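Just so you know, these numbers come straight off a predicted model, no measurement behind them. Letters go in sequence order (proteins before strands), and every chain restarts at 1.
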Amino acid sequence: MSASSTAPRHDPAYNFAFLDEQTKRMIRRAILKAIAIPGYQVPFASREMPMPYGWGTGGVQVTAAILGPDDRLKVIDQGADDTTNAVSIREFFRRTAGVETTERTDKATIIQTRHRIPEMALRDDQVLVYQVPIPEPLRFLEPRETETRTMHALKEYGLMHVKLYEDIAMHGHIATTYAYPVKVAGRYITDPSPTPKFDNPKMNRMPALQLFGAGREKRIYAIPPYTDVVSLDFEDHPFTVQKWDQPCDLCGAEDTFLDEMLTDDQGGRLFICSDSDHCNRRQTAGHHGSMTQDAAE
Amino acid sequence: MTSLAPSMGFANPVFDSQQCFRAIMDAMARPGHILPLDGIAEPPAPLGPVAAAVAITLFDQDTPVWLDQSLAESPAVCGWLAFHSGARVIADFANARFAVVADPAQLPPITLFAVGSDRYPDRSTTLVLQVTALNDHGPRLTGPGIAGSARLGFEPLPPNFWDEITHNYALFPRGVDVILAGPQCLAALPRSTLAEAV
Amino acid sequence: MYVAVKGGEKAIRNAHRLLAKERRGDPDIAEISVPQIDGQLSLAVDRVMTEGSLYDRSLAALAIKQSRGDLIEAIFLVRAYRTTLPRFGGSEPIETGSMTVRRRISASFKDVPGGQLLGPTFDYTHRLIDFGLAAESECPAAELAPGPAETTVPSIASILGNEGLVETETDHNPSQPPGDVTSDALDFPAGRDLRLQALARGDEGFLLALGYSTQRGYARNHAFAGEIRVGTVTVEMFVEELGFTIAIGEITVTEVQMINQFKGSTTVPPQFTRGYGLSFGHCERKAMSMALVDRALRCRELDEDNVGAPAQDEEFVLSHCDNVQATGFVEHLKLPHYVDFQSELELVRRMRREVTERAGAQEAAE
């Protein structure tokens with residue numbers, strides 16, 4: 001067997017991708033079980049990473065365990081490559097693994113994300129790694145791990161439906177807008193991580209492998225490619241996603257998730273694609289929004 | 001005279017095991033896909049090159065391993081595995097995290113391995129089965145990881161294998177996951193895959 | 001034209017430079033040295049070693065310097081360093097009974113074999129600011145008692161144990177090596193081995209509050225400070241290649257054995273039970289709190305009423321006692337959440353619109 005790269009391009013003070021080999025093996029075993037039991041949260045011996053718990057330690061450990069020298073890594077936070085924590089995690093892997101990084105969704109082999117799924121459809125040769133704060137979708141209904149584990153074992157998900165229905169009774173809507181629970185492959189109710197429910201439909205039968213890492217809570221779970229992912233809903237209240245009344249002010253896209261920016265204290269606002277790569281590429285391709293139109297004129 | 005020292009493992013453990021793992025991960029995520037993998041150059045017989053690579057990629061002191069008789073009887077195999085992985089070989093297959101089978105005739109009914117519990121279905125055995133050929137002539141596979149359907153066959157086939165896979169599927173989320181280690185290739189059958197005769 | 005905020009990389013770099021400058025403080029004042037921190041802020045070093053789970057005084061002192069005295073940050077630094085260290089093996093259990101004590105007190109008996117030994121303690125200081133310390137001062141020589149000081153004394157629990165008055169702790173079953181919270185995911189119910197490990201690493205403030213709550217009636221267990229001892233013990237390790245055990249060093253630890261009333265159960269006659277606390281260095285408050293919480297968590301094992309007190313709730317205590325985990329997740333709220341907030345904003349606006357429309361429709365109908 002020959003590895004494509006032997007000379008370290010990474011910081012030689014640390015093992016490739018920071019983790020020691022035994023830790024990688026432990027995480028790799030957990031990943032395989034997670035793939036074999038879609039949506040089930042596999043406990044793993046999460047390590048203390050040189051970044052705080054809650055800041056992506058789970059995603060970082062998953063990425064470190066699967067990453068090879070030939071991978072091209074993209075890291076996004078809130079959909080953007082240039083948010084501070086994305087910058088920090090990308091720098092961590094550039095230093096400890098020496099891998100190539102990219103901001104282009106289509107060029108990446110591994111995409112680590114916090115809170116968004118890229119707008120562009122992913123391919124079956126890509127892996128999407130989610131950073132997960134609270135992996136247990138039932139946690140807000142039942143804080144005890146011992147109880148929620150039993151609920152999953154018995155497929156006792158009535159409580160979740162009751163909660164969603166109470167929302168409808170009280171507010172006329174299901175009041176969950178992000179981390180909206182899904183059912184994976186008809187069995188486990190699973191937390192999609194705090195992505196907006198706008199992104200839920202992208203998870204369904206996605207060609208890319210989806211891996212989820214929760215470092216502080218010590219859980220890994222997975223959704224294999226082409227797996228049914230259904231957002232929970234009711235016949236009389238079908239699942240819907242957010243819509244904006246206006247297109248992106250930079251690229252004119254009408255089908256993307258928009259960030260709202262306050263431009264002054266007089267109620268001035270801009271709406272801009274949260275997926276910065278998608279927005280940039282649309283602009284490069286000649287698409288305009290209200291702001292860029294003004295500039296062009 | 002043969003050397004007493006165990007033969008080579010990975011030439012470059014960090015990168016080779018990563019490459020091997022990615023093949024296993026892709027195989028597990030896409031049941032029915034046959035992934036190329038060179039494996040270990042000269043593993044001690046009857047351990048095959050790909051099974052040997054899988055073993056030292058995934059096994060260590062935390063994973064008790066069960067070996068079929070043909071492997072367990074070989075001091076060279078046991079010594080090699082101990083040296084390169086540190087894994088303990090155990091006789092009780094119901095407590096094994098991994099099992100390696102070189103002779104399909106010696107494969108116990110697969111659901112007698114650890115299948116986990118409803119609360120912890122992950123506490124189950126992963127079976128590494130050495131095969132001489134992998135092809136797409138077998139049953140039709142459907143389930144997570146498969147766009148539409150796929151077909152997977154292999155040789156030599158242990159007795160009742162596909163019936164046991166059906167039984168294993170029925171246990172979901174409990175169950176055993178299978179890695180098929182072929183010649184310079186591998187494939188996988190996670191417990192989530194439904195196999196039906198064509 | 002609007003330009004999206006860029007330059008995260010540069011901003012981070014500059015923030016790190018500023019941080020370094022702030023850490024150094026006024027350059028006209030001498031920089032604090034690691035040996036100074038080790039020697040003069042020794043209790044901070046002890047806490048960082050204990051909750052950082054790594055016995056290395058100068059590393060802990062360095063972490064305190066780097067973290068500008070933020071001890072949780074220092075603990076985090078030590079923990080993150082610790083994970084990268086290779087593991088050579090496990091030591092034999094330390095023998096605290098043969099500790100060379102420099103402090104040893106019992107609140108249960110007026111006099112005990114080996115005597116009471118106050119040692120260096122704040123206990124009877126009057127908490128009056130010592131303005132003399134503001135200037136560099138001469139330290140008065142301490143007069144050490146002749147005799148039993150710096151020597152080994154029998155443990156009080158073992159003396160009571162000889163009479164059957166206090167429960168006997170059974171040795172760990174050698175065929176079931178103790179678990180390791182640093183290398184396995186905790187699962188509930190956890191054994192006492194894992195509980196004690198988690199408590200030993202747990203936040204001093206959190207355990208102090210929980211221990212205090214047991215005294216105020218939230219799972220009161222009538223604790224007596226059976227014995228508090230601080231001193232050095234030898235760490236030994238069995239070396240496979242040699243076939244015998246060798247001493248690899250000495251460490252200072254604080255051990256607390258709380259003795260608690262126990263009414264007995266159907267199988268056990270009334271006797272005293274124990275709560276146990278252990279820390280690296282001299283962390284007396286931590287070890288005492290740990291012992292109170294350990295005892296409270298044993299309610300199920302001792303067949304006592306679980307009154308639903310926080311300190312009795314194993315999952316609650318163990319899931320929240322780690323300050324590195326807690327601070328990470330609390331502080332992660334500083335990270336951008338634009339996307340989630342936008343999702344909520346959209347919903348709240350929609351619901352408000354609907355409410356206004358409904359009210360409008362109602363008004364029109366009236």
Nearest heavy-atom neighbours spanning [X] and [Y]:
X	Y	result
Pro50(A)	Ala80(C)	CA-CB, 4.0 Å
Ala185(C)	Arg219(A)	CB-NH1, 4.4 Å
Ser183(C)	Ala45(A)	O-CB, 2.8 Å

Side chain from CB out, backbone as N, CA, C, O: work out which of these in [X] comes under 4.5 Å of a heavy atom of chain C, or both, or neither.
X	result
Thr146(A)	both
Ala80(A)	neither
Leu19(A)	neither
Phe198(A)	neither

Would you indicate whether the side-chain heavy atoms of [Y] and [X] approach each other to under 4.5 Å?
X	Y	value
Thr83(A)	Tyr338(C)	yes
Asp340(C)	His115(A)	yes
Asp187(C)	Pro43(A)	no
Phe329(C)	Pro133(A)	yes
Val339(C)	Phe257(A)	yes
Phe271(A)	Gln342(C)	yes
Arg47(A)	Thr182(C)	no
Arg144(A)	Asp313(C)	yes

Which residue out of Thr327(C), Leu335(C), Asp184(C) racks up the most heavy-atom pairs below 4.5 Å with chain A? Leu335(C)
When heavy-atom pairs shorter than 4.5 Å are enumerated against chain A, which of Lys334(C), Arg79(C), Met351(C) gives the highest number? Arg79(C)
What part of [X] gets closer than 4.5 Å to chain A, counting heavy atoms only: side chain, backbone, both or neither?
X	answer
Arg349(C)	side chain
Arg82(C)	neither
Asp180(C)	neither
Thr84(C)	side chain
Gln325(C)	both
Leu77(C)	neither

Who wins among Glu145(A), Glu217(A), Lys218(A), His171(A) for the most heavy-atom pairs under 4.5 Å with chain C? Glu145(A)
Would you confirm whether Arg114(A), through its side chain, and Pro336(C), through its main-chain N or O, come within 3.5 Å as a donor-acceptor pair? yes
Going by an N to O cut-off under 4.0 Å, is there a salt bridge joining Lys197(A) and Glu344(C)? no
Using a strict 4.0 Å threshold on nitrogen-to-oxygen distance, state whether Glu331(C) and Arg216(A) make a salt bridge. no
Atom pair [atom1]/[atom2] of [X] and [Y] - distance to nearest 0.5 Å:
X	Y	atom1	atom2	value
Glu346(C)	Thr177(A)	CD	OG1	8.0 Å
Thr84(A)	Glu9(C)	OG1	CD	11.5 Å
Met51(A)	Phe76(C)	CE	CZ	8.0 Å
Asn85(A)	Ile12(C)	CG	CD1	8.0 Å
Thr83(C)	Glu48(A)	OG1	CD	6.0 Å

In sequence, state the C-alpha distance, the side-chain angles, and the governing distance for His337(C) and Gln78(A), and then conclude on side chain to side chain donor-acceptor pair (under 3.5 Å). CA-CA 7 Å; His337(C) 285 80; Gln78(A) 314 297 299; 5.8 Å; no
Does [X] have more than 12 heavy atoms from other residues, nucleotides or ligands lying within 6.0 Å of its [atom1]?
X	atom1	result
Phe239(A)	CZ	yes
Phe206(C)	CZ	yes
Glu315(C)	CD	yes
Arg68(C)	CZ	yes

Contact residues of residues 45-63 of chain C (partner chain A; heavy-atom separation under 4.5 angstrom): none
Less than 3.5 Å apart, any donor N or O on the side chain of His173(A) or Glu354(C) sitting next to an acceptor on the other? yes
